[in-house]
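The next block holds one structure in the form of structure tokens; read it before the comments.
Here the structure is a predicted model, which is why all the values come from computation and not from measurement. Every chain is numbered from 1, with letters handed out A, B, ... down the list of sequences.
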Amino acid sequence: MEPQTKRWKGLEYDTDSWVVYPVLSDEQSQDVELIEAYAAPILNKKETSRLVRELNSFFPLNGHQHIKRVRACKEKGTPHPLDILVCLTSDAPDMKVVGLNSLLPSDRVKHDGLGEPFLVKIPARPPLTRPQFELASKHWPTSFHEDKQMTVALKGELFSPPEKAAMHMYMRSAVTAAKAAKDRGMEAVGAVVVNPVTEEVIAVGHDCRHDHPLHHAVMVCIDLVARSQGGGCYTFDSHPACQLIPPTSGTHHNEPDAEKSSQPYICTGYDLYVTREPCVMCAMALVHSRIGRVFYGITSADGALGTKFKVHSQKDLNHHFEVYKGILSKQCEGLNASSDRIQSKCLEER
Amino acid sequence: MGGAEESKSASAESFCPSDAEIQKWMGAAFDVAKDALENGEVPVGCLMVYKDEVVAKGRNEVNETKNATRHAELVALDQLRDWCRRNDLDVTHVCKQTALYVTVEPCIMCAAALCLFNIPVVVYGCRNERFGGCGSVLEVSSAHLPQTGTTFKCVSGHRAEEAVEMLKTFYKQENPNAPKPKTRKE
Ligand SMILES: [Zn+2]
Ligand SMILES: [Zn+2]
């Protein structure tokens with residue numbers, strides 16, 4: 001793999017030193033929840049299609065369409081090759097003794113070819129990712145509409161070497177800004193806003209909470225972007241590493257579509273690179289600002305894009321975005337360790 | 001260590017506005033919200049009170065700054081800092097005895113910002129079903145986030161229906177600064 005990645009033009013970066021993983025929603029990353037159901041062995045294979053038909057109409061698996069009705073019995077030595085799902089225990093009638101007669105009225109579902117029922121556990125929800133599918137299938141056969149991109153992303157292989165090289169470059173700017181902050185005795189966090197269409201950096205910022213408790217690197221970048229659009233309400237002139245990058249002239253002439261598309265509106269469609277996971281305030285500021293995607297290096301203890309909350313996939317909010325972590329993780333980790341040392345030094349001085 | 005330190009933390013814990021104070025300051029916050037609505041702005045009024053004095057009065061400034069984070073609460077926090085500077089007072093010290101009065105539950109971002117400023121009490125009118133950070137969408141106000149500030153107490157429900165009505169009136173109008181959806185003409 002290594003010689004191939006090194007062939008990329010201008011790629012003096014060691015993009016193999018880090019892996020980028022998506023930060024998924026709770027639904028996508030949680031364990032497989034199981035519910036109880038009754039299954040029964042099919043003693044006579046020839047009755048299978050009739051049993052499926054009759055059970056589907058008598059005990060439809062409403063809301064559980066991901067569950068397959070019949071499974072093959074894997075254990076060797078079982079006299080019957082198939083099990084059929086009769087019903088969820090929640091749908092079953094009250095019965096003193098579990099048996100075919102109490103479970104199924106024989107005038108609706110003929111018992112021919114069916115053995116005595118037993119309890120099984122089946123996945124409550126359709127699997128959203130391949131890991132969830134693999135876990136779910138251990139309990140009962142489950143259908144899965146695979147999102148191929150997600151499967152690749154979960155392996156850390158979503159981005160191509162040139163894409164990783166670009167990400168490396170952007171995060172390196174964020175790390176440089178973080179170092180500039182650290183040199184001035186401030187918290188070592190840096191952030192960069194990029195327009196992924198034009199591949200231009202729009203703003204670079206670092207943490208300024210030393211000056212203002214809310215001037216985290218992300219908030220600095222959001223205000224710099226506002227400034228690039230003729231707004232903004234702060235100046236960061238005293239911090240030369242916090243800056244707007246003027247657009248390279250002529251870019252838009254090469255793209256007739258750029259003319260047609262509307263004026264930039266807050267952070268719509270932009271990517272943010274930040275050395276560590278944003279806090280709740282910054283995460284929600286990114287929702288309000290309609291950020292496109294967020295890439296961070298390492299997690300943080302009170303982080304709101306994966307650690308304490310998942311604001312980017314929070315139900316009820318009107319804007320969601322993709323989040324990836326792990327970009328330049330070692331360099332970002334290094335920043336964090338040294339800023340912790342500064343923090344504890346400050347505390348000692350108090 | 002000792003007596004002084006203990007009594008300070010005790011007063012911070014018991015710090016909570018009286019009914020009369022809530023009546024008075026929420027009335028003032030509603031006046032700010034009404035004024036905003038009449039001027040076609042998000043009808044959220046917010047003020048910060050320290051020792052019976054209004055030290056900050058914020059309204060939403062998102063449109064003029066093109067910065068989507070300029071909610072009334074963040075604008076007010078900047079004013080509070082300015083007020084402290086003018087009066088040569090320590091921001092951290094003032095914040096510990098400052099209450100925020102706002103007509104609508106602070107959003108997730110503003111709730112987190114209030115934690116970062118160590119504001120102990122927030123009095124609000126109606127719930128914020130779209131963005132609320134004091135329980136409606138997320139519970140930031142009481143979340144254990146030791147690296148990013150302290151929790152705050154909420155007193156809610158004062159003139160809630162009125163605050164909701166103002167929001168409904170506002171959201172019926174379209175935000176002229178947002179880009180038009182692409183499905184429309186052009
Ligand atoms: Zn933050
Ligand atoms: Zn807000």
Side-chain angles (χ1 to χ4, degrees), chain A residues 187 209 211-216 218-234 260-269 276-291 300-304 307-311 314-319 336 340 343, chain B residues 60-71 73-78 80-82 84-85 91-92 95 106-119 127-133 136-141 143-149 171 175 177-182 184 186:
Chain A
E187 196 113 345
R209 76 185 74 181
D211 296 349
H212 186 307
L214 305 186
H215 286 178
H216 297 185
V218 171
M219 298 296 270
V220 170
C221 278
I222 286 174
D223 198 58
L224 286 169
V225 170
R227 184 161 298 273
S228 78
Q229 295 166 6
C233 44
Y234 299 106
K260 260 190 237 160
S261 72
S262 49
Q263 287 290 303
Y265 175 68
I266 45 181
C267 295
T268 308
R276 75 175 189 214
E277 184 187 356
C279 72
V280 176
M281 173 186 68
C282 291
M284 191 60 195
L286 291 165
V287 172
H288 288 314
S289 301
R290 300 284 194 277
I291 197 76
S300 56
D302 283 355
T307 301
K308 285 281 170 76
F309 298 105
K310 291 175 174 176
V311 168
Q314 178 68 39
K315 279 202 184 106
D316 305 329
L317 290 182
N318 59 351
H319 177 68
N336 199 46
D340 278 352
Q343 262 190 331
Chain B
N60 187 297
E61 291 180 0
V62 167
N63 290 343
E64 56 264 53
T65 60
K66 298 178 193 278
N67 179 332
T69 72
R70 297 307 285 166
H71 289 188
E73 295 91 330
L74 295 206
V75 173
L77 285 169
D78 278 350
L80 172 108
R81 293 181 75 241
D82 292 342
C84 289
R85 202 174 298 135
V91 179
T92 319
C95 282
C107 78
I108 292 166
M109 172 188 73
C110 292
L114 292 162
C115 292
L116 283 162
F117 262 90
N118 306 307
I119 298 293
R127 284 159 59 90
N128 181 345
E129 303 290 353
R130 307 169 90 212
F131 304 116
S136 294
V137 177
L138 271 187
E139 179 107 24
V140 179
S141 47
H144 179 64
L145 300 164
Q147 309 288 312
T148 43
Y171 284 119
N175 182 357
N177 282 47
K180 297 277 178 289
K182 285 221 169 112
R184 304 250 176 106
E186 200 205 38

**Item:** Heavy-atom contact with chain B under 4.5 Å, split by part of A/Gln314
**Value:** side chain

**Request:** Would you name the heavy atoms of A/His288 and B/Ala68 that are closest together and state the gap between them?
**Result:** O-CB, 3.3 Å

**Request:** Taking the side chain as every heavy atom from C-beta outward, state whether B/Leu138 and A/Val311 have any atom pair closer than 4.5 Å.
**Result:** yes

**Prompt:** Can you name the closest pair of heavy atoms from B/Thr148 and A/Cys279 and give their distance?
**Reply:** CG2-CB, 3.8 Å

**Message:** For B/Ala143, which atoms come within 4.5 Å of any heavy atom of chain A: side chain, backbone, both, or neither?
**Reply:** side chain

**Prompt:** At their closest point, which heavy atom of A/Ala301 faces which heavy atom of B/Gln147, and how far apart are they?
**Reply:** CB-CG, 3.8 Å

**Request:** Decide yes or no for A/Cys233 and B/Glu61: does some side-chain heavy atom of the first lie under 4.5 Å from some side-chain heavy atom of the second?
**Result:** no

**Item:** From B/Met109 atom CE to A/Leu286 atom CG, the distance as rounded to the nearest 0.5 Å
**Value:** 10.5 Å

**Asked** At their closest point, which heavy atom of B/Arg130 faces which heavy atom of A/Leu317, and how far apart are they?
**Response** O-CD2, 3.4 Å

**Request:** Give, for atom NE2 of A/His215 and atom CG of B/Leu116, the distance between the pair rounded to the nearest 0.5 Å.
**Result:** 12.0 Å

**Complete:** B/Glu139 and A/Phe309 have their tightest heavy-atom pair at O-CZ, 4.2 Å

**Complete:** Closest non-hydrogen atoms of B/Phe131 and A/Met284, given as atom of the first, atom of the second and distance, are CD2-CE, 3.6 Å

**Asked** Contact part of B/Cys115 toward chain A, heavy-atom cut-off under 4.5 Å: side chain, backbone, both or neither?
**Response** neither

**Message:** Would you compute the distance between atom NE2 of A/His212 and atom CG of B/Asp78 and round it to the nearest 0.5 angstrom?
**Reply:** 3.5 Å

**Asked** Counting N and O atoms only, with roles assigned by atom type, does the side chain of B/Lys66 sit under 3.5 Å from a partner on the main chain of A/Ser228, one being a donor and the other an acceptor?
**Response** no

